[in-house]
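In what follows, chains carry the letters A, B, and so on, assigned in the order in which the sequence lines appear, proteins first and then strands, with residues in each chain numbered from 1.
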Amino acid sequence: MPKQYSPTESEARWYDFWEASGYFAASEDPDDHRPTYTLAIPPPNVTGSLHMGHACRTTFEDVLCRHKRMQGYNTLWVPGIDHAGIATQVVVERQLKREGLTRHDLGREKFIERVWQWKEESGGRILQQLRKMGASCDWPRTKFTMDPDMVRAVREAFVRLYEEGLIYRDTRLVNWDVESQTVLSDLEVEQEENVEGLMFDFAYPLADGDGEVVVSTTRPETMLGDTAVAIHPDDERYRHLHGKYVRHPFVDRMIPVILDPELVDPEFGTGVVKVTPAHDQNDFATGKRHGLEEINILELDGTLNENGGPFQGLERFEARKAVENELANLGLARGSKKHMMTLPRSHRSGTIVEPMISTQWFVKMKPLAAPAIKAVEDGTIQILPPEWSKTYFHWLRNIQDWCISRQLWWGHPIPAWYCDNCEHVTVAREDATACGGCGSTSIRQDDDVLDTWFSSGLWPFSTLGWPDRTLTLSRFYPTQDMETGYDILFFWVARMIMMGLHFMGEVPFTRVLLAGLVTDERGDKMSKVKGNVVDPLDVIYGATGEELIDKAEKAGAKKAGIKYLRTTYPDGFVAYGADALRMTLLSYSTQSRRIALSMKRIEGYRNFANKLWNASRYALMRLSDSSTQATQQCPQPKALANRWVLSRLYQALDISSTGLDAYRLDEASGALYHFVWDEFCDWFLEVSKPALDSGDAALVQETEATLVHALETVLRALHPMMPHITEEIWQRVPKWAEAPKSIMISRFPSALVDAKIDRGAERDFEVVQAFVGSARTIRAEHHVPMSQPLKIHWHTDDEFKRTVLEAERSTIESLARGEMCFEADAAKLNDAAAHFDNAAVFVNPGVRAAVPGVIDTEKERDRLQRELNKVEKELGVVEKKLGNPSFVERAPEAVVEKSNRDATELREKRERLEVALNSL
RNA sequence: GGGCGGGUAGCUCAGUGGUAGAGCGCUGGCUUUACACGCCGGACGUCGCAGGUUCGACCCCUGUCCCGCCCA
């Protein structure tokens, strides 16, 4: 085994081995009666390429699946990809653009063919990348949301909802993306806040006689669609306008003055509001209340239509300018001022969204939402972290109907056909050939496709065979955990719950785990433009600084982004490996919403992997000449260090299991990390050296048994988190005869068995650790080289401690590099200076020692003074507490008792230190 | 405007009603034959601010200021 663990080759080798061995596959065997554990992957976009968000989710999900699998569950992790409507269409359109073509040049059919072709070639690359993370998905079951069986599920869902009256077609004000030329759901619109805009004032002349009313708007061009001006009914200033009309200056239209207490805030602006029902949410509602005409002024591409009068054909922002100028020419402009506002932008294209009147398909949400609310209220579904339940409830309780049609070509076509001869709309599972109303064959299918999230909403059951009642479905549905980012709680999670309850009559999963968003080290969102995207594959395989910059530039990073990259990662990354990345991401997996990924932290876990590797090297070297094998039963050693390490091992396993069960993967991984490094390596391996060299056959045997058991066990416990390196090592560990072929199908170490926690051993070993620690401090402070052994004169009045220290003498002498010498006469240590030449002293609870021949008086004085200060400070706190009568009266007895013990111990220590200081 | 989350060591983050923790960084030393991706030491925090509850608060409550996110 080489000195350094190199992950790259090893990870690939073991991954291939697992996959080829079929270990990722869930069992369909009817005689397999193991409980099931199912987790459906949040299907990444087919256009996607692995980013830290995926890496993070994949790691959590893989840990959960591997853990359950090792615990004996028939585990199914369903992989898949999402067709991602707009995102994909945009990618392919961009390709066409490079060839000088648009999708219209190809036509719908050819275009869709082209998308499929692209999907076959490069789509789904992300699934290969998930493998690099170690994902143990059941790959042969991979689903694509446009696969034929998914199409069937989507159609079934649509038709059923339609038949139940939950899907309807209606004219609404929708969010129109003029660039992508499609409607967007409310969730797909982002609000850009605090944009400085211009509030423009202009006057409408009264139709009869003199006078005018002044209105304000940030979108002057919309006045072309105004069909009313509104005032508050109680506004005395405008009482004279009741029942009057104003004249539109550009189009021949009389506009009524209406009274509306809901729309108008008399305090705001002039107290008069222009009403454009076809292009503003509030105005639309107002229009409905007053029966106003809805005049659409825009073409689908954002230019003005025939209702724009003289402005027809202008692009919307040009039209804005032109309207302003023309109003000024007519003397109707009344000035403008800066105004902070919020702009609605398209999630995808980034363009400013226009509210437009349009006929679209909707899903009635209230009836679907009610059971979904209940499921979380009554605990059928648990959301973690629990704070998110509030957000979930708030959204569902105020839910609006869901606009599901999209004016795209790529997606699930809406299974609705319109008849040329009658009004009937035919909605059918199979492609319709004739009108369901009049039988005419002159029908055409709806041009639109469904919102991508419509198919994703069915994911937990469509992937298992629905609408057929398959065995797979009955066996693996409902799934258990749904792990995903909180950013799609509404988009996806809530909709899956609603759809699952509606179509399956059962929740799709019982627990929702919401992970935070991965950001760069500064806490900024990763974005290609900012150049701060850390590619998980670069972390796994390494990349030079130039490669990082090159990649960022190609992705369109701005100068500042490149600069950030250059200064933050000048040397790029070495190959840290997937296991190190996984551990890092796990260590962040807390309640926090932000995961500011730090490269140094990844390096730390890479070092941990190496530590584990070298500890194993040591263990295997030491075992090489012996027949010792790992056993499934815990050995029963006699030596203190052996008993201690096993006790600590099972303690760590307990914490780790508790963490896993509570989805606190940071705690689960942390417990094992600290056990391996701080206890197994730093103490146990060091103690094992003299033990294995002792020549005492019994001691050697039990130490070997303990060593291999602890190593083999902790490897299994670590496997869900660091699958590759644990397999690499585990394969080399000598094991019991019927050991499985892979660690990933071995049994997860069961946590706590009380008998294995050895309190006595832990307490005794702590005495040893304290003694060794003190001796080491003296050596370090006085710069005594390792080549110079210490002589440690010690004394204790505590029989137990004396027994322990005597028994562990050889261990301590080896660890501290010194010779222990018990002084029966305690007085000698009280006045160490008189009895030992140039002695440094240390004080442990109940134990004192003098180390002659090392002293540098100044340094010793410093060290003792520092220690004394610390003791006095602590003692001050404790004494103050004990001096408070209400504390003694009211605090729990155990707390008071402990304080008393602490005080006694501290006083003794203070006294010893003072004596030592004075004798210097 | 409403809601949610966060403000703890230089940095990134844990944390508990009973004397503040980790990793990295900093710092002193060390070829201790598993590991320098290491070992042994050391320094470093009035736990955002102000009140309150409590014998005791970083932790609970109220207010307040910053930062971030979501919704309108």
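When both pairing distances are held under 3.5 Å, B:G41 makes a Watson-Crick or G-U pair with B:U27. Base-pair partner of B:G56: not found among the strands shown (Watson-Crick or G-U wobble, both distances under 3.5 Å). With a cut-off of 3.5 Å on both Watson-Crick or G-U wobble distances, the partner of B:G68 is given as B:C4. The partner of B:A20 cannot be assigned: no Watson-Crick or G-U wobble pair with both contacts below 3.5 Å exists in any strand.
The only member of A:F573, A:Y5, A:Y576 that meets side-chain contact (heavy atoms from CB on, under 4.5 Å) when paired with A:R606 is A:Y576.
Closest to the A:R866 side chain, of the nucleotides B:G18, B:U12, B:G42, is B:G42. Closest to the side chain of A:Y486, from the set B:C69, B:G42, B:C37, is B:C69. Side chain of A:F490, nearest nucleotide from B:C40, B:C71, B:G41: B:C71. For A:R817, the side-chain atoms get nearest to B:U32 when compared with the rest of B:U32, B:A43, B:G41. In this structure, of B:G18, B:C35, B:C24, it is B:G18 that holds the atom nearest to the side chain of A:P892. Listed candidates were B:G28, B:A34, B:C71. Nearest to the side chain of A:L685 is B:A34. Minimum atom distance to the side chain of A:N610 is reached by B:C37, of the listed B:A34, B:G41, B:C37. Listed nucleotides B:G18, B:C24, B:G42 differ in distance to A:K600; the shortest reach to its side chain belongs to B:C24.
With respect to the salt-bridge test (charged N to carboxylate O, under 4.0 angstrom), the residues A:R817 and A:E813 do not qualify. Salt bridge status for A:K898 with A:D902: present, with a side-chain N to carboxylate O gap under 4.0 Å. Ion pair A:R866/A:E781 flagged as a salt bridge, since at least one NZ, NE, NH1 or NH2 atom sits closer than 4.0 Å to an Asp/Glu carboxylate oxygen. At a threshold of 4.0 Å, the pair A:R219-A:D280 counts as salt-bridged, since one of the basic side-chain nitrogens sits closer than that to a carboxylate oxygen.
Going from atom CG of A:L597 over to atom C1' of B:C24 covers 13 Å, rounded to whole Å. In this structure, A:W388 places its CH2 atom 11 Å from P of B:G6, rounding to the nearest Å. Between the P atom of B:C30 and the CD1 atom of A:I778 lies a distance of 18 Å, rounded to the nearest Å. Going from atom NE2 of A:H783 over to atom C1' of B:G28 covers 5 Å, rounded to whole Å. Between the CE atom of A:M583 and the C1' atom of B:C37 there is a distance of 15 Å, rounded to whole Å. A:I812 places its CD1 atom 22 Å from the P atom of B:U32, with the value rounded to the nearest Å. With rounding to whole Å, A:H394 atom NE2 is found 12 Å from B:G1 atom C1'. When the P atom of B:C39 is taken as reference, atom CZ of A:R776 falls 11 Å away, rounded to whole Å.
Straight-line distance between the C1' atoms of B:C69 and B:C61: roughly 25 Å, to the nearest whole Å. With P as the reference atom, B:C66 and B:C49 are 15 Å apart, rounded to whole Å. Rounded to a whole angstrom, the distance from the P atom of B:G45 to that of B:A9 is 11 Å. For the C1' atoms, the distance linking B:C44 with B:G2 amounts to 42 Å, nearest Å. Taking the C1' atoms as reference points, B:U46 lies 12 Å from B:U8, given to the whole Å. The separation of B:A43 from B:G10, taken at their P atoms, amounts to 16 Å, rounded to a whole angstrom. Look at the C1' atom in both B:C70 and B:G25: the space between them is 35 Å, to the nearest Å. Between the P atoms of B:G52 and B:G56, the separation comes to 12 Å (whole Å).
Within the 4.0 angstrom heavy-atom criterion, only backbone atoms of the sugar-phosphate kind lie near A:D682; the bases stay farther away. Among the atoms of the strands shown, base atoms are found under 4.0 Å from some heavy atom of A:K689. Using a 4.0 Å heavy-atom distance criterion, A:E686 is classed as a base contact. Residue contacts shown for A:V878 are absent, as no nucleic acid heavy atom lies under 4.0 Å away. At the heavy-atom level, A:K611 lies under 4.0 Å from base atoms of the strands shown.
Checking A:N607 against A:E603 by side-chain atom types alone, no donor-acceptor pair falls below 3.5 Å. For A:S587 and A:D666, the side-chain atoms include no donor-acceptor pair closer than 3.5 Å.
Toward the 5' end of RNA chain B, the nearer of the two residues A:K390 and A:Y618, judged by each one's closest nucleotide, is A:K390. When the nearest nucleotides of RNA chain B are assigned to A:N607 and A:S886 by heavy-atom distance, the more 5′-ward of the two goes with A:N607.
OP1 and OP2 of B:G38 both lie 4.0 Å or more from every side-chain N or O belonging to A:R606. Proximity of A:W677 to the phosphate of B:C39: a side-chain N or O atom is located under 4.0 Å from OP1 or OP2. For the pair A:K880 and B:U19, the criterion of a side-chain N or O lying under 4.0 Å from OP1 or OP2 is not met.
A donor N or O paired with an acceptor N or O is not found under 3.5 Å between the base of B:A72 and the side-chain atoms of A:Q281.
Of all the heavy atoms in A:F60 and A:L585, the pair that sits closest is CE2-O, 3.8 Å.
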